[in-house]
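Contents: one structure, followed by commentary.
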Amino acid sequence: MSDATGIDSLDHQINQEFELVAWRLELLTGDQGFADAVRFSLSQASVRYAVQLRSDDDATMGGAVLDLVTNLYPDDAPIPDDWWDTPLGRATAASTGQPTAESVTYSVAGAMLGIDAEAVELLARTCQLDGHPDGGVTSLSVQQYLQAHPRP
């Protein structure tokens, strides 16, 4: 949904995430001119990524998710459960699921689906989500469930 400026919540969140990157660079370098140039470039990239996340092409969507998630959460940094309820988290869950993990805990799956862990356990017991041998459920089954039952 767009606001009066034409910026929707997904683009806004990506832009805010990128602004944090630019702010950190400004703090580290002390060079506002450099940070402003990065800000400008990242503001253009945020629009491009928001468009790619809405693409009908799975490879385009998946590439955007992989770029964003691996750069916003580098080195296997855990993605906070509440992130999945953000516009970017919902777009990620609907397009690729958890792109860096084969399985997710019931809690993370619940955050991705907008339900609690107990409901995820019920979905796994009724074979609506695939259990993983190491525990939790497969990321792929969460993605498939979201595609069949989109969140409002």
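Side chains included, hydrogens not; waters and symmetry mates left out as well; all remaining heavy atoms used.
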- [ ] Find the distance between CD1 (Ile14) and CG (Leu53) and round it off to the nearest 0.5 Å.
- [x] 5.0 Å
- [ ] Could you tell me which non-hydrogen atom of Ala119 sits nearest to which non-hydrogen atom of Asp116, and how far apart they are?
- [x] N-OD1, 2.8 Å
Taking only distance into account, with no hydrogens and no angle test, what donor-acceptor pairs under 3.5 Å do side-chain atoms of residues 121-130 form with protein atoms, sequence neighbours excluded?
unit_1, atom_1, unit_2, atom_2, d
Thr126, OG1, Leu122, O, 2.9
Thr126, OG1, Leu123, O, 3.3
Thr126, OG1, Gln128, NE2, 3.0

Open item on the list: For a 4.5 angstrom cut-off between non-hydrogen side-chain atoms, does Phe18 reach Leu68?
Closed with: yes
- [ ] Assess whether side-chain contact (heavy atoms from CB on, under 4.5 Å) is satisfied between Asp8 and Arg54, documenting all intermediate values.
- [x] CA-CA 12 Å; Asp8 67 26; Arg54 291 185 185 88; 2.3 Å; yes
TODO: Among residues two or more places apart or on two chains, list those pairs meeting ring-ring contact (aromatic ring centres under 6.0 Å, His included) that have a residue in residues 105-126.
DONE: none
TODO: Flag the pair Asp11 and Arg48 as a salt bridge only when some basic side-chain nitrogen lies within less than 4.0 angstrom of an acidic carboxylate oxygen.
DONE: no
- [ ] Please round to the nearest 0.5 Å and tell me the distance separating atom CD of Glu102 and atom CG of Leu140.
- [x] 9.5 Å
TODO: Might you work through the side-chain contact (heavy atoms from CB on, under 4.5 Å) test for Val120 and Thr105, ending with a clear yes or no?
DONE: CA-CA 9 Å; Val120 171; Thr105 64; over 6 Å; no
Open item on the list: I need the Met61 CE to Asp56 CG distance, nearest 0.5 Å.
Closed with: 7.0 Å
Task: Distance (rounded to the nearest 0.5 Å) between Gln52 CD and Asp67 CG - done: 7.5 Å
Please report, to 0.1 Å, the donor-acceptor pairs under 3.5 Å made by any side chain of residues 36-45, with sequence neighbours excluded.
unit_1, atom_1, unit_2, atom_2, d
Asp36, OD1, Arg39, NH1, 2.9
Arg39, NE, Glu19, OE1, 3.0
Arg39, NE, Glu19, OE2, 2.9
Arg39, NH1, Glu26, OE1, 3.2
Arg39, NH2, Glu19, OE2, 3.3
Arg39, NH2, Glu26, OE1, 2.9
Ser43, OG, Phe40, O, 2.8

- [ ] Each residue besides Leu20 in its hydrophobic cluster should be listed here, by chain and number; the cluster joins Ile, Leu, Val, Met, Phe, Trp and Tyr at side-chain heavy-atom distances under 4.5 Å.
- [x] Trp23, Leu27
- [ ] State the NE2-OG1 distance between His132 and Thr138, to the nearest 0.5 angstrom.
- [x] 7.5 Å
TODO: Starting at OG1 of Thr92, measure out to CG of Leu146 and round the result to the nearest 0.5 Å.
DONE: 11.0 Å
Open item on the list: Hydrophobic clustering (ILVMFWY, side-chain heavy atoms < 4.5 Å, transitive) - are Val21 and Phe34 grouped together?
Closed with: yes
- [ ] Sorted by first residue and then second, give each ring-ring contact (aromatic ring centres under 6.0 Å, His included) pair with at least one member in residues 43-78; sequence neighbours left out.
- [x] Tyr73-Trp83
Task: Any residue meeting side-chain contact (heavy atoms from CB on, under 4.5 Å) with Asp82, in chain and number order, not counting sequence neighbours - done: Pro80
